[in-house]
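Single-structure report; data block below.
This structure is a prediction, so every number in the text was calculated from the model and none was measured.
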Amino acid sequence: MYLWRTADYLPDELVGELDRESTPDRFVFLRGESAKDRLGFPTFKCPVPSHNLARFDVLPNNAMVPVVSSRLAELLRQQCPDDVEFIPTKIVCVDRDVTDYVLVNIVALIGGIDLTESRYVCITGTTKIRKVLRLVSIPGALGAHGLARDSYYGRYVWASADLRSYLEMNAIRGVDFVDPACIDEQ
């Protein structure tokens, strides 16, 4: 299993900023539960011409939630329909609004971090993880899921090897699949 990460090669100017005035609390998307009936229309502000977005299937943003093209949404719908829900999203660019990307709310939740072998820092006074220093995953934790959010650290999204292969075969642009063993900030 791999960590799903927005690709490092995406230009910084593509980072969309969640419009917090017209959009619900972004942390609702980190819980691994359905949010479809509780949401308005999430809006991201992206200070580039709209044609710059078209080169990528995953757009970087400050909400820590995948925002994906309709093409990638269809591939995810085919491969892991029970793990995700798609929320229509508006991206406000300098020249026009774009509505052919969706926010992917990952509703599958797993405990993928081996808490005994990993090293992490907790939020002061809590047992909630603030930062992972060394990551060891639990083999097989994904089970039959293609995508799942981590129950111990909601920022982490896990992807199966099968989903990774399928998306790479379809030349998806804008996502990296990171081997958990590469997370080591000691």
Applying side-chain contact (heavy atoms from CB on, under 4.5 Å) to Val107 and Val84, what does each step give before you reach the verdict? CA-CA 5 Å; Val107 296; Val84 295; 5.8 Å; no
For Leu53 and Cys93, run side-chain contact (heavy atoms from CB on, under 4.5 Å): C-alpha distance rounded to whole Å, both residues' side-chain angles, the deciding distance at 0.1 Å, then the answer. CA-CA 9 Å; Leu53 305 182; Cys93 294; 3.5 Å; yes
Lys131 and Tyr120: side-chain contact (heavy atoms from CB on, under 4.5 Å), yes or no, with the steps? CA-CA 6 Å; Lys131 181 179 182 180; Tyr120 51 91; over 6 Å; no
Begin from the C-alpha positions of Ile129 and Val121 and carry the test side-chain contact (heavy atoms from CB on, under 4.5 Å) through to its verdict. CA-CA 6 Å; Ile129 296 175; Val121 177; over 6 Å; no
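Annotation: side chain of Ser137 is not in contact with side chain of Ile113 (no heavy-atom distance under 4.5 Å). A heavy-atom distance below 4.5 Å is found between the side chains of Leu163 and Ser160. Counting heavy atoms from C-beta outward, Thr89 and Thr43 have side chains that stay 4.5 Å or more apart. Glu74 places none of its side-chain heavy atoms less than 4.5 Å from the side chain of Phe86. Using a 4.5 Å heavy-atom cutoff, the side chains of Val92 and Phe44 are not in contact. No side-chain heavy atom of Asn61 sits less than 4.5 Å from a side-chain heavy atom of Cys46. Between Leu72 and Tyr101, every side-chain heavy-atom pair lies at or beyond the 4.5 Å cut-off.
By the side chain to side chain contact (heavy atoms under 4.5 Å, CB included) test, Ala7 pairs with Tyr9, Leu10, Asp176, sequence neighbours left out. With sequence neighbours excluded, no residue forms a ring-ring contact (aromatic ring centres under 6.0 Å, His included) with Tyr2. With sequence neighbours left out, the ring-ring contact (aromatic ring centres under 6.0 Å, His included) criterion links Phe56 to no other residue. Applying the side chain to side chain donor-acceptor pair (under 3.5 Å) test to Asp83 and every residue at least two apart in sequence or in another chain returns His145. Contacts of Tyr166 classified as side chain to side chain donor-acceptor pair (under 3.5 Å), with partners at least two apart in sequence or in another chain: Gln78. Listed by chain and residue number, Pro60 satisfy the side chain to side chain contact (heavy atoms under 4.5 Å, CB included) test with Val15 (two or more places apart in sequence, or in another chain). Listed by chain and number, the residues in a side chain to side chain contact (heavy atoms under 4.5 Å, CB included) with Glu168 are Arg164, Phe177 (sequence neighbours excluded). Under the side chain to side chain donor-acceptor pair (under 3.5 Å) criterion, Trp4 pairs with no residue at all, not counting sequence neighbours. In this structure Pro49 satisfies the side chain to side chain contact (heavy atoms under 4.5 Å, CB included) test together with His51, Asn52, Val94, Asp95, sequence neighbours excluded. Shown here are the side chain to side chain donor-acceptor pair (under 3.5 Å) partners of Thr99, two or more places apart in sequence or in another chain: there are none.
Shortest non-hydrogen contact noted between Tyr152 and Gly111 is CE1-CA, 3.5 Å. Of all heavy-atom pairs spanning Thr126 and Cys122, the tightest one is O-CB, 3.6 Å. Of all non-hydrogen atoms in Leu18 and Ala63, the two that sit nearest each other are CD2-CB, 4.1 Å. Nearest heavy-atom pair, Ala159 versus Leu147, reported as atom, atom and distance to 0.1 Å: CB-CD2, 3.9 Å. For the residue pair Pro66 and Arg149, the shortest heavy atom distance occurs at CD-NH2, 4.1 Å.
Clustering ILVMFWY residues whenever any of their side-chain heavy atoms sit less than 4.5 angstrom apart, transitively, puts Val48 in the very cluster that holds Val67. Placement of Val98 and Val65 within a single hydrophobic cluster is found when ILVMFWY residues are connected by side-chain heavy-atom separations under 4.5 Å, directly or transitively. Under the 4.5 Å side-chain contact rule for hydrophobic residues, Leu142 and Val136 do not share a cluster. Linking Ile, Leu, Val, Met, Phe, Trp and Tyr residues whenever their side-chain heavy atoms come within less than 4.5 Å leaves Leu135 and Ile123 in two separate clusters.
For the 3.5 Å distance criterion, the side chains of Arg96 and Ser50 qualify, holding a donor opposite an acceptor. With 3.5 Å as the limit, one finds no donor-acceptor pair spanning the side chains of Glu17 and Asn62.
Here salt bridge (Lys or Arg N to Asp or Glu O under 4.0 Å) pairs that include residues 7-16, with residues two or more places apart or in two chains, number zero. Screening residues 54-68 for salt bridge (Lys or Arg N to Asp or Glu O under 4.0 Å) gives Asp57-Arg71, Asp57-Arg173 as the qualifying pairs, with residues at least two apart or on separate chains.
No donor-acceptor distance shorter than 3.5 angstrom exists from the side chain of Arg130 to the backbone of Thr124, with no hydrogens or angles considered.
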